[in-house]
Structures are given as C-alpha cells and as structure tokens.
Participant: 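My structure is below; once you've seen it, I'll send some questions.
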Amino acid sequence: YPACKMRLVVLDCMNWDMTQNDWFAGVLAETLDNTKDCYGYHVIGSQHYLSHDGLNNLTLFDTPFNSLDDYKLEAQSTIVGSVTVVDTFINNGGMFVCWLGGHIHSDFCGLLTNHNNQIFINVGSASRITPAQDCARIEATQTQDLFNVIGFDFFSKTIKVMRVGATYD
C-alpha cells in the first residue's frame with residue numbers, strides 16, 4: 001500500500017520452511033534498502049495462526065477485545081521461524097507494526113514478551129458455527145455476522161479495532 005507506506009505480508013504458517021523463511025527475511029529487508037520502492041514502509045504480518053514459541057509467553061492488553069472465554073493456548077506452540085525473522089528485522093531498524101491471526105476462535109490483543117515487543121491481534125471467528133465466542137451467534141439474527149475493522153495510525157503509533165456485528169454495533 002504505497003500511499004500509506006505500509007506492507008502487508010501474509011505467510012503460509014501451515015507449510016513453513018527455510019524457503020519461505022528466506023523469502024520473508026528478504027521482503028522485510030527491502031523496506032530497509034533505500035534503493036527499493038518500499039523503503040521505510042511499516043510492515044504488518046499475518047498468518048492463519050501466529051507462529052511463535054507459545055502463546056503462554058504473552059502479556060494481554062487491557063482491552064474489550066480480549067476474549068471472555070477461557071481459551072486454550074497449548075495448541076499454539078508452533079513454528080518459531082517467522083517471529084525470529086521479525087526479531088532480526090526490528091533489531092536492524094525495521095518498523096514492524098503487528099501480527100494479525102486467528103485459528104483459536106477467540107479474541108485477544110497482546111504482546112509477545114519474548115520477541116522484541118511484537119504485538120499480536122487474534123481475531124475471533126466470523127463463523128457462527130464455533131462455540132468459542134464471546135456472544136451468542138444465532139443464524140438469521142443480528143448476531144449471525146461479526147467482523148473487526150482495524151485501523152493503523154503510524155504517526156501516533158496507534159492501532160484501532162472496531163467490532164461490527166453480533167451484539168456489538
């Protein structure tokens with residue numbers, strides 16, 4: 001997104017390997033290279049689920065978007081590659097904004113405490129099928145649809161999240 005100097009990078013966390021690891025490192029490095037069109041861009045990373053060394057190493061933010069559910073984090077101890085690449089990027093002066101993910105079907109926003117202040121935003125399921133929701137999701141009613149609108153203000157370093165649908169709007 002050249003107009004706002006932002007790059008959204010979506011990764012295939014289900015098939016992480018060294019080829020994707022090297023590609024991701026290269027994409028991030030381009031924003032540090034003043035000969036590239038994307039020099040100075042802010043980067044947002046996205047994956048189906050966040051790959052890191054376990055969501056048990058996190059600090060949740062005090063926000064109404066943290067799940068009311070007792071979500072289980074053990075299943076999320078997955079690949080460490082992508083956050084390690086971002087660690088290097090941040091240490092080299094890169095501007096990493098946050099991770100966007102899902103998979104757990106619960107909402108929470110927080111900080112990966114072991115990874116250079118990497119923020120993550122986990123979005124609840126848009127589906128009414130899953131029982132892991134903070135509100136009832138009933139077909140053919142106002143509660144059926146649910147999504148978040150996320151805005152990024154790079155100047156004030158602010159992330160804004162607005163919930164739409166279900167019983168929130």
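Since the model is a prediction, treat every value here as computed from it, not as a measurement. Every heavy atom of this structure was used, including side-chain atoms; hydrogens, water molecules and symmetry mates were not.
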Participant: Between Trp99 and Gln118, do the side chains contain a donor N or O and an acceptor N or O under 3.5 Å apart?
Facilitator: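 Side-chain D/A pair, Gln118 to Trp99: present.
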Participant: Locate the shortest heavy-atom distance separating Ile121 from Cys98; write the atom from each residue and the value.
Facilitator: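 Minimum heavy-atom contact is CD1-SG, 4.3 Å.
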Participant: Hey, which of Val9, Leu11, Val10 is the one that makes side chain to side chain contact (heavy atoms under 4.5 Å, CB included) with Ser46?
Facilitator: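 That would be Val10; it is the only one of Val9, Leu11, Val10 passing the side chain to side chain contact (heavy atoms under 4.5 Å, CB included) with Ser46.
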Participant: I need the minimum non-hydrogen distance between Ala25 and Val85, along with the two atoms involved.
Facilitator: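 Heavy atoms only, the tightest pair is CA-CG1, 3.6 Å.
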Participant: In the structure I gave you, are the side-chain heavy atoms of Phe24 and Phe89 within less than 4.5 Å of one another anywhere?
Facilitator: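 Side-chain contact under 4.5 Å: no.
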Participant: Do Met6 and Tyr41 have side chains that get closer than 4.5 Å, going by heavy atoms?
Facilitator: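 SC-SC contact between Met6 and Tyr41 ruled out.
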Participant: Linking I/L/V/M/F/W/Y whenever any side-chain heavy atoms sit under 4.5 Å apart, do Met95 and Val27 land together?
Facilitator: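 Cluster IDs for Met95 and Val27 differ.
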Participant: Does Leu112 reach the side chain of Val83, with side-chain heavy atoms less than 4.5 Å apart?
Facilitator: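 The answer is yes; the side chains approach within 4.5 Å.
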Participant: Do Gln47 side-chain atoms and Leu100 backbone N/O form a donor-acceptor pair below 3.5 Å?
Facilitator: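 Flag not set: sc Gln47 to bb Leu100 has no pair under 3.5 Å.
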Participant: Around atom NZ of Lys5, are there more than 12 heavy atoms of other residues, nucleotides or ligands at under 6.0 Å?
Facilitator: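 Yes, enclosed.
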Participant: Of all residues at least two apart in sequence or in a different chain, which pass the ring-ring contact (aromatic ring centres under 6.0 Å, His included) check with Tyr39?
Facilitator: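 None.
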Participant: Val86 versus Leu28: any side-chain heavy-atom pair under 4.5 Å?
Facilitator: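 A side-chain contact under 4.5 Å exists here.
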Participant: Applying side chain to side chain contact (heavy atoms under 4.5 Å, CB included), can you list everything that pairs with Thr19, at least two apart in sequence or on another chain?
Facilitator: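 With neighbours one apart ignored, the set is Asp17.
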Participant: Taking all heavy atoms of Asp87 and all of His115, pick out the closest pair and write down the distance.
Facilitator: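 Nearest pair, atom of Asp87 first, then His115: OD2-ND1, 2.9 Å.
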Participant: Any side-chain hydrogen bond (donor to acceptor under 3.5 Å, both in side chains) involving residues 25-34? Give me the pairs, sequence neighbours left out, ordered by first then second residue.
Facilitator: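 Passing the test, one end in residues 25-34: Arg7-Glu30, Asp33-Thr35.
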Participant: Report the C-alpha separation of Ser156 and Asp153 in whole Å, then their side-chain angles, then the decisive distance to 0.1 Å, and conclude whether the side chain to side chain donor-acceptor pair (under 3.5 Å) test is met.
Facilitator: CA-CA 6 Å; Ser156 67; Asp153 183 338; 3.1 Å; yes
Participant: Dump the intermediate steps for side chain to side chain contact (heavy atoms under 4.5 Å, CB included) on Cys4 and Phe152, then the final yes or no.
Facilitator: CA-CA 10 Å; Cys4 60; Phe152 303 95; over 6 Å; no
